[in-house]
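Start at 1 and go down the list; that is how both ligands and their atoms are numbered. Predicted, not measured: the structure shown is a model, and the values here were computed from it. All values below were derived from every heavy atom in this structure, side-chain atoms included, with hydrogens, water molecules and symmetry-related copies excluded.
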Amino acid sequence: MDEALLKQALEFGQPYTARGEVASYIPELSKADGRELGICVRSVEGGEIHCGYWQRRFTIQSISKVINLAMALERFGFDAVFNKTKMEPSGASFNAMSRISDSEDIPFNPLVNSGAIAVVELLLPVGLEGMLSAVRGLCGDPEIAIDEDVFQSEWSHSARNRSLAYLLQSKGLIDGDVEEVLRLYTQLCSLSVTAESLANLGQVLANGGVQPETGRRLLKEEVIRTTLTMMLTCGMYDGSSEFAVRVGLPSKSGVGGGILSVVPGEMGIGVYGPSLDSKGNSAAGQKVLEYISRTEKLHILGRLIH
Ligand code: GLU
């Protein structure tokens with residue numbers, strides 16, 4: 001893979017930016033330019049290629065759920081996490097209430113809002129500073145910080161997530177201070193990253209939890225296996241299965257326009273394209289990944305067949 005291929009992939013994806021819209025339910029996000037598109041790829045050998053708006057800062061949004069999940073698994077273990085959420089695709093939108101409101105059910109998985117908010121309660125003892133330093137380390141990006149404008153914008157428009165959080169409390173899935181949990185969840189969504197930071201994170205996930213340049217183990221292998229499986233099955237909300245068929249890579253999207261993709265054993269990929277489809281996934285970003293996966297034969301199941 002080289003930069004010429006990334007350029008072709010962005011050219012292939014570009015028309016699809018017009019088929020989506022930037023998020024507006026968090027008003028600050030509507031300021032993004034929906035035509036922008038960028039990509040960065042980091043191999044486990046340490047090489048990097050990039051193209052387009054790969055240095056643009058944007059908020060990580062739901063891709064933080066991957067880090068939260070991995071950190072909660074690492075520090076508190078499998079049972080602590082999966083007592084709070086199941087591990088099934090929800091088939092519903094990212095902030096759906098319907099699937100958990102009427103029954104005794106717990107959230108479908110840790111990568112939808114309800115499950116992620118429940119998981120963040122586990123991280124309260126780690127706190128914002130502890131999580132910030134973990135995120136900076138995993139993303140190899142010391143400049144990651146809270147985008148205060150986006151945080152305030154989401155915080156003052158978080159009725160939906162607040163409802164979910166209080167519903168979780170009513171089911172005994174949040175024991176502590178709901179507002180504190182929600183604040184940390186929203187702060188972690190408001191961290192500013194680039195496609196390069198996501199590619200660095202993907203590189204660590206692709207390399208079984210070891211940061212290739214330093215040789216430091218940041219996450220256990222079993223944590224990586226669970227996290228990647230959740231990404232493959234649930235990472236693109238109610239578009240997860242179609243994306244798995246078309247692209248076949250463990251991935252996670254965010255409404256800031258980012259997509260994190262992992263080619264296990266090979267590379268991490270970060271994509272930025274803030275124009276979103278109706279499910280909240282980057283419209284063009286998905287097409288860019290589809291182009292690359294098809295051209296380079298990266299689909300993980302396709303490879304096994306060959
Ligand atoms: N902060 C966003 C929310 O909770 C994240 C959603 C997303 O990126 O899909 O609504």
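Of all atoms in ligand 1, numbered sequentially from 1 with element shown, those under 4.0 Å from a heavy atom of Cys189 are 1 (N).
Between Phe151 and Trp155, the ring planes lie parallel to each other; the angle is under 30°, not in the 30° to 60° tilted range. Ring geometry for His50 against Trp54 counts as parallel: the plane angle stays under 30°, on a 0 to 90° scale with 60° as the upper cut.
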Item to complete: For side chain to side chain donor-acceptor pair (under 3.5 Å), just list the numbers for Lys65 and Tyr185, CA-CA rounded to whole Å, side-chain angles, deciding distance to a tenth of an Å, and then say yes or no.
Response: CA-CA 9 Å; Lys65 293 171 169 119; Tyr185 165 84; 3.2 Å; yes

Worksheet entry | Test log, rule side chain to side chain contact (heavy atoms under 4.5 Å, CB included), inputs Phe108 and Ser114 | CA-CA 8 Å; Phe108 267 74; Ser114 55; over 6 Å; no

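Remark: minimum distance from atom 10 (O) of ligand 1 to any protein heavy atom is reached at Tyr25 OH, 2.6 Å. Among all protein heavy atoms, the one lying closest to atom 1 (N) of ligand 1 is Gln61 OE1, 2.6 Å. Scanning the protein heavy atoms around atom 9 (O) of ligand 1, the nearest turns out to be Tyr237 OH, 2.6 Å.
Counting heavy atoms under 4.0 Å from ligand 1, residue Ile63 does not touch it at all. Residue-level proximity to ligand 1 for Asn113 is carried by the side chain, the only part with a heavy atom below 4.0 angstrom.
Considering backbone and side-chain atoms alike, Gly254 places every N or O at 3.5 Å or more from each N or O of ligand 1. Backbone and side-chain nitrogen or oxygen atoms of Tyr185 are examined, and one is located within less than 3.5 angstrom of a nitrogen or oxygen of ligand 1.
Under a hydrophobic-cluster definition in which Ile, Leu, Val, Met, Phe, Trp and Tyr are linked whenever side-chain heavy atoms come within less than 4.5 Å, directly or via other members, Val135 and Leu260 are assigned to the same cluster.
Contact record, Ala32 with Tyr272: CB-OH, 4.1 Å, taken as the closest heavy-atom pair.
For Tyr53, the side-chain hydrogen bond (donor to acceptor under 3.5 Å, both in side chains) criterion is met by no residue, not counting sequence neighbours.
Nearest residue to atom 3 (C) of ligand 1 from Lys65, Glu154, Met236 is Glu154 (criterion: closest heavy atom). Taking each of Ser62, Gly256, Gly258 in turn, the one with a heavy atom nearest to atom 5 (C) of ligand 1 proves to be Ser62.
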